[in-house]
Visitor: 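Provided herewith is a single structure, encoded as structure tokens, for subsequent inquiry.
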Amino acid sequence: MSKKGISAGTVHALPTDLRKALSSKPKALAAWENVTPLARNEWICWVESVKKEETRKQHTERAVEELIEGKRRPCCWHGCIHRTDKKISPSIRALVLGKRSKKES
């Protein structure tokens with residue numbers, strides 16, 4: 001558990017903005033506590049993965065809305081690449097790392 005008794009993910013700590021958003025919506029918080037630690041980890045990683053503050057705010061709001069709607073994981077999210085307990089699959093490695101290498105070129 002993280003601050004204020006809200007569960008975090010397996011790798012990521014619960015960021016303050018997401019914690020506040022979840023705390024403000026009891027249904028979202030209940031859904032958050034009902035998903036697995038791995039699913040919470042993916043939501044956190046999905047929120048933190050963006051560069052712009054505006055996009056992060058949109059991801060936070062969307063996470064709360066989608067949890068209320070009953071979604072258990074971010075839609076179309078390839079999953080957290082920060083987990084050290086699981087090897088990244090070749091398809092995800094190509095997707096994620098391929099995009100990074102193209103940007104760096």
Side-chain angles (χ1 to χ4, degrees):
M1 289 229 175
S2 68
K3 293 179 183 178
K4 298 196 180 183
I6 301 175
S7 300
T10 56
V11 177
H12 296 287
L14 184 62
T16 303
D17 55 346
L18 184 55
R19 180 173 27 91
K20 287 180 181 178
L22 291 167
S23 296
S24 71
K25 303 282 186 175
K27 285 185 178 182
L29 181 56
W32 179 262
E33 293 297 337
N34 191 37
V35 298
T36 66
L38 291 176
R40 288 192 297 266
N41 197 66
E42 288 185 12
W43 282 111
I44 294 167
C45 191
W46 182 70
V47 166
E48 292 183 329
S49 67
V50 296
K51 293 180 182 178
K52 293 182 179 179
E53 188 60 35
E54 178 183 331
T55 308
R56 182 178 173 128
K57 184 177 179 186
Q58 291 170 350
H59 276 219
T60 301
E61 291 170 357
R62 184 172 155 195
V64 168
E65 291 170 9
E66 290 186 0
L67 283 161
I68 291 170
E69 292 170 1
K71 292 189 179 177
R72 300 185 65 79
R73 285 196 151 90
C75 178
C76 307
W77 177 240
H78 51 75
C80 178
I81 63 168
H82 302 104
R83 285 181 56 193
T84 57
D85 62 329
K86 178 182 172 190
K87 187 175 179 180
I88 300 173
S89 72
S91 61
I92 298 303
R93 181 179 293 116
L95 175 69
V96 175
L97 300 179
K99 285 181 180 179
R100 287 186 181 169
S101 64
K102 288 178 187 175
K103 289 179 182 177
E104 293 172 0
S105 302

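On a predicted model such as this, the values are computed, not experimentally measured, just so you know.
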Visitor: Within a radius of less than 6.0 Å around CD of Glu69, do more than 12 heavy atoms belonging to other residues, nucleotides or ligands occur?
Guide: yes
Visitor: What closest approach, in Å, do Leu18 and Ala63 show between heavy atoms, and which atom pair accounts for it?
Guide: CD1-CB, 4.5 Å
Visitor: For the atom pair CD (Glu42) and NE2 (His12), what is the distance rounded to the nearest 0.5 Å?
Guide: 9.5 Å
Visitor: Please report the shortest heavy-atom distance between Val35 and Arg40, naming the atom on each side.
Guide: O-NH1, 2.7 Å
Visitor: For residues Gly9 and Ile44, report the shortest heavy-atom separation together with the two atoms involved.
Guide: N-CD1, 3.6 Å
Visitor: What heavy-atom pair brings Trp43 and Arg73 nearest, and what distance separates the two atoms?
Guide: CZ2-C, 3.4 Å
Visitor: Just how far is it from atom CD of Glu61 to atom NZ of Lys57, taken to the nearest 0.5 Å?
Guide: 5.5 Å
Visitor: Might you point out which heavy atoms bring Ser7 and Leu14 nearest each other, and give the distance in Å?
Guide: O-CD2, 3.9 Å
Visitor: With the side chain counted from C-beta on, respond yes when Leu67 and Lys27 share a heavy-atom pair under 4.5 Å apart, and no when they do not.
Guide: no
Visitor: How long is the gap from CZ on Arg62 to CH2 on Trp46, to the nearest 0.5 Å?
Guide: 4.0 Å
Visitor: Do Arg72 and Asn34 touch side chain to side chain, with heavy atoms closer than 4.5 Å?
Guide: yes
Visitor: Drop me the distance from Thr60's OG1 to Glu48's CD, to the nearest 0.5 angstrom.
Guide: 9.0 Å
Visitor: Locate the shortest heavy-atom distance separating Asn41 from Val11; write the atom from each residue and the value.
Guide: OD1-N, 2.8 Å
